[in-house]
Amino acid sequence: MRTTVGIIGAGPAGLLLARLLHNAGIDSVVLESRDRAYVEHRQRAGILEQGTVDVLRAAGAGGRMDREGLRHDGIELRFDRKRHRVDFPALTGGRSVTVYAQTEVCKDLIALQLKDGGPLLFEARVDAVESATADAGSGDRPVIRYTHEGRDKTLRCDYVVGCDGFHGVTRTVIPDNVRKTYERRYPYAWLGVLADVAPSSDELVYAHSERGFALLSMRSPSVSRLYLQVPNGTDPAGWSDERIWDELDARLALDGDWALARGPIVSKGVLPMRSFVTEPMCYGRVFLAGDAAHIVPPTGAKGLNLAVSDVTVLARALVRRQRTGSADLLDAYSDTCLRRVWRAEHFSYFMTTTLHTDPDQSPFDTRLQISQLDRITSSPHAAAELAENYAGLTIG
Ligand code: FAD
Ligand code: DHB
């Protein structure tokens, strides 16, 4: 098989890139190691920045998002048993975010691709990418080797894009002496649960407490998504439903009238926290996008949004190359993306370290966190800095 753009991975990055290229008349093939049901049902992110919503809509993938997504104009920061609202449109000149789950974004993009797009192969595991720096003049091309239906297969491409997540194979194409990585680990993880109960707040609540961080989020008007800071290595089986609700109650507690509604917990999982960046995000004719190139801790909901901004920049660059012959945007791809990536890395680190309790934290550290939260919720300048980062900078 041969194609213009070989895309490895059918997460949000790979699926959206395929759609953007299809809309511009550029053919691609998407290879995904897991089956369709797995990709459509794994519980992950839930918050779309304004720019992500705009890109999905412009790509023709926004119909259900516009009908079912919930527009949110702010978040609540809860600390010292008090609530404080950060108003996004007022602080950012009208920007907001939308609650629409990653599972639904993937379902919408898969349906479009299977209806009228190029090939999207599930259970097609990529084993290697070869000839990344093949020179177009020589007639040579990068090659993807993959396994599908029990057979070894080859896909010859003009360009290869690794959208294969943190555990993918594409990143290893960049030689060790070219690739630089930056990493930070955190001494805690998140226990995430999905509960069949109406959310107890209209907006997301990020709660600082000396018992640890808690987050109240949602998937729909009848489904809550909740997170608790837990120690690394936590086994979700050790957390009964009652223990989870009790702990959420304790961490979200307020002076005043507010109650957390309980309901059946339908899924539980622990997710680790890591900051990670690979530079550069390309090598020869091979490009990296999304989690394949960078990971953020989830506080602040940047992971999915970064994947979307990477492929938006890359699609524009590939279209320009095909239409005009100019590789200027492709050459700038890594630098363009990394600027935004490092902003999101800083913001996610800031949100994480301001809201979580480090096991070695001193009372002094806690007072600094509270002072920082107090500053954000009493100064419009400090609040605007959070709001701009959360609702998202413009893509490009
Ligand atoms: P992915 O969604 O990881 O997609 C990569 C795809 O590549 C996968 O489908 C994988 O199966 C496929 N693949 C991998 N290797 C191969 C191969 N060799 N051959 C073929 N295919 C391959 N962000 C938030 O903002 N909030 C959250 O609550 C949140 N929760 C998360 C929970 C978990 C467990 C994880 C892992 C991430 C979470 N994130 C969250 C981050 C967010 O989901 C990611 O940033 C987002 O999925 C990135 O999209 P992607 O397309 O780059 O990568
Ligand atoms: C969600 C995840 C986040 O990391 C976050 O900051 C807000 C919401 C969510 O899954 O709903």
Side-chain angles (χ1 to χ4, degrees), residues 6-18 29-36 38-49 52 70 72 75 97-103 105-106 109-110 120-129 144-148 155 160-172 189-194 199 203-206 213 215-220 223-227 267 269-274 276 288-311 341 344 347-348 351-352 355 390:
I7 299 173
I8 308 174
L15 290 167
L16 178 60
L17 178 62
V29 173
V30 183
L31 303 172
E32 165 59 49
S33 58
R34 313 301 294 246
D35 63 29
R36 180 176 176 182
Y38 181 89
V39 172
E40 290 189 339
H41 292 101
R42 64 184 155 199
Q43 263 313 313
R44 288 191 169 180
I47 307 295
L48 309 183
E49 290 174 6
T52 298
L70 308 171
H72 279 208
I75 55 166
V97 297
T98 296
V99 174
Y100 190 64
Q102 180 167 331
T103 47
V105 172
C106 288
L109 289 167
I110 288 170
L120 160 56
L121 306 185
F122 291 101
E123 299 178 78
R125 194 192 70 241
V126 171
D127 302 309
V129 178
I144 299 175
R145 298 204 184 279
Y146 66 103
T147 314
H148 187 50
L155 176 63
V160 173
V161 185
C163 299
D164 46 353
F166 183 65
H167 300 288
V169 296
T170 316
R171 194 167 62 238
T172 60
W190 276 11
L191 174 66
V193 304
L194 208 56
E203 294 182 334
L204 271 64
V205 180
Y206 287 80
F213 172 70
L215 170 60
L216 189 164
S217 180
M218 62 198 72
R219 288 292 174 267
S220 74
V223 177
S224 298
R225 176 82 171 147
L226 301 134
Y227 297 97
S267 88
V270 168
L271 60 127
M273 301 251 196
R274 178 188 272 129
F276 175 88
L288 300 176
D291 279 16
H294 41 73
I295 297 284
V296 288
T299 336
K302 288 292 148 210
L304 165 62
N305 292 294
L306 274 184
V308 167
S309 55
D310 284 355
V311 296
V341 165
F347 179 65
S348 307
M351 289 289 279
T352 301
L355 288 163
Y390 196 104

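Just so you know, ligand 1 is whichever comes first in the structure, and atom 1 is the first atom listed for that ligand.
Remark: Ile7 CD1 to Leu121 CG distance equals 11.5 Å, nearest 0.5 Å. Arg44 CZ to Thr103 OG1: the interatomic distance, rounded to the nearest 0.5 Å, is 11.5 Å. Once rounded to the nearest 0.5 Å, the distance linking NZ of Lys302 with CD1 of Ile47 reads 10.0 Å. Note that the CD atom of Glu203 and the CE atom of Met218 stand 8.0 Å from one another [nearest 0.5 Å]. To the nearest 0.5 angstrom, Leu194 atom CG is 10.0 Å from Ser217 atom OG. Taking OG1 from Thr352 and CZ from Arg274, the interatomic distance works out to 14.0 Å, rounded to the nearest 0.5 Å.
Set against the non-hydrogen atoms of Ala124, the atoms of ligand 1 under 4.0 Å away are 20 (C). Ligand 1 places these atoms under 4.0 Å from at least one heavy atom of Gly290: 52 (O). Near Leu204, meaning under 4.0 Å from any of its heavy atoms, are these atoms of ligand 2: 7 (C), 8 (C). Applying the 4.0 Å criterion to heavy atoms of Leu31 picks out, from ligand 1, the atoms 20 (C), 21 (N). The contact set between ligand 2 and Tyr227, taken as ligand atoms under 4.0 Å from a residue heavy atom, comprises 1 (C), 2 (C), 9 (C), 10 (O). Within ligand 2, the atoms closer than 4.0 Å to a non-hydrogen atom of Gly300 are 6 (O), numbered from 1 in the order shown. Taking every non-hydrogen atom of Gly303 and a distance limit under 4.0 Å, the qualifying atoms of ligand 1 come out as 25 (O), 45 (O). Per-residue contacts place Gln102 under 4.0 angstrom from the following atoms of ligand 1 (heavy atoms of the residue considered): 2 (O), 42 (C), 43 (O), 46 (C), 47 (O). Within the listing of ligand 2, atoms 7 (C), 8 (C) sit less than 4.0 angstrom from a heavy atom of Ile47. Distances below 4.0 Å separate heavy atoms of Arg44 from the following atoms of ligand 2: 10 (O). Distances below 4.0 Å separate heavy atoms of Arg44 from the following atoms of ligand 1: 1 (P), 2 (O), 3 (O), 27 (C), 28 (O), 29 (C), 30 (N), 31 (C), 32 (C), 33 (C), 35 (C), 36 (C), 37 (C), 43 (O), 47 (O). Atoms of ligand 1 lying under 4.0 Å from at least one heavy atom of Arg42, given by number and element, are 8 (C), 9 (O), 11 (O).
Among protein heavy atoms, atom 27 (C) of ligand 1 sits closest to Ala45 CA, 3.5 Å. The nearest protein atom to atom 18 (N) of ligand 1, hydrogens excluded, is given as Val126 O, 3.1 Å; this is a heavy-atom distance. If you check which protein heavy atom lies closest to atom 20 (C) of ligand 1, you get Ser33 N, 3.3 Å. With hydrogens left out, the protein atom closest to atom 12 (C) of ligand 1 is Glu32 OE1, 3.3 Å, a heavy atom. In this structure, atom 5 (C) of ligand 1 lies nearest to the protein heavy atom Cys163 O, 3.3 Å. The nearest heavy-atom contact from the protein to atom 44 (C) of ligand 1 is Asp291 OD2, 3.2 Å. Among all protein heavy atoms, the one lying closest to atom 11 (O) of ligand 2 is Ser217 OG, 2.6 Å. Looking from atom 51 (O) of ligand 1 to the surrounding protein, the closest heavy atom is Ala13 N, 2.9 Å.
With contacts defined as side-chain heavy-atom distances shorter than 4.5 Å, the pair Leu155/Val160 does not qualify. When side chains are defined from C-beta on, Val105 counts as touching Leu48, because their heavy atoms get closer than 4.5 Å. Side chains of Val29 and Tyr146 form no contact here, defined as non-hydrogen atoms less than 4.5 Å apart. Between Val169 and Asp127 the shortest side-chain heavy-atom distance does not fall below 4.5 Å.
Nearest approach of Met273 to Pro297, heavy atoms of both residues: SD-CB, 3.7 Å. For the pair Arg219 and Ala101, the tightest heavy-atom approach, listed with the atom from each and the gap, is CD-CB, 3.5 Å. The shortest heavy-atom contact between Val270 and Ala189 is CG1-CB, 3.9 Å. Of all non-hydrogen atoms in Gly303 and Asp291, the two that sit nearest each other are O-OD1, 4.5 Å. Considering every non-hydrogen atom in both Ala292 and Arg171, the closest pair reads O-NH1, 2.8 Å. Smallest separation of non-hydrogen atoms from Val311 and Ala13: CG1-O, 3.4 Å.
When heavy-atom distances to ligand 1 are checked against a 4.0 Å cut-off, His167 has no atom that comes that close, whether in backbone or side chain. Neither the backbone nor the side chain of Tyr100 has a heavy atom within less than 4.0 Å of ligand 2. Counting heavy atoms closer than 4.0 Å to ligand 2, residue Val99 contributes nothing at all. With a 4.0 Å cut-off on non-hydrogen atoms, Pro298 touches ligand 2 through its backbone as well as its side chain.
Considering each of Pro272, Pro12, Gly11, the one bringing a non-hydrogen atom nearest atom 49 (O) of ligand 1 is Pro12. Taking each of Ile7, Leu16, Asp164 in turn, the one with a heavy atom nearest to atom 14 (C) of ligand 1 proves to be Asp164. Of the candidates Ala307, Ala301, Gly162, Ser348, it is Ala301 that places a heavy atom closest to atom 25 (O) of ligand 1.
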Assess the residue pair Asp310 and Val341 against the criterion (side-chain contact (heavy atoms from CB on, under 4.5 Å)); give the C-alpha distance rounded to whole Å, side-chain angles, the decisive distance to 0.1 Å, and a yes or no.
CA-CA 9 Å; Asp310 284 355; Val341 165; 4.3 Å; yes

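Counting only distance, with no hydrogens or angles, the side chain of His148 and the backbone of Arg125 share no donor-acceptor pair below 3.5 Å. For the pair Asn305 (side chain) and Thr52 (backbone), a donor-acceptor distance under 3.5 Å is absent.
In terms of polar-atom proximity, Ala301 is counted as a contact of ligand 2, with an N or O under 3.5 Å from an N or O of the ligand. Inclusion of Arg34 in the set of residues having an N or O under 3.5 Å from an N or O of ligand 1 is not warranted. The N/O atoms of Tyr206, backbone and side chain alike, include one that comes under 3.5 Å of an N/O atom in ligand 2. In terms of polar-atom proximity, Arg225 is not counted as a contact of ligand 2, lacking any N or O under 3.5 Å from an N or O of the ligand. Residue-to-ligand polar distances keep Tyr390 apart from ligand 2: every N/O pair is separated by 3.5 Å or more. Polar contact with ligand 1: absent for Ala292 (N/O pair, distance under 3.5 Å).
By the 4.0 Å heavy-atom criterion, Arg225 is excluded from the residues contacting ligand 1. Within the structure, ligand 1 lacks Gly192 among the residues with a heavy atom less than 4.0 angstrom away. At least one heavy atom of Tyr227 sits under 4.0 Å from some atom of ligand 1. At a 4.0 Å cut-off, at least one heavy atom of Arg219 sits close enough to ligand 2 to count as contact.
Between Tyr206 and Tyr390, the ring-plane angle classifies as perpendicular under the 30° and 60° cut-offs. Between Trp190 and Tyr227, the ring-plane angle classifies as tilted under the 30° and 60° cut-offs.
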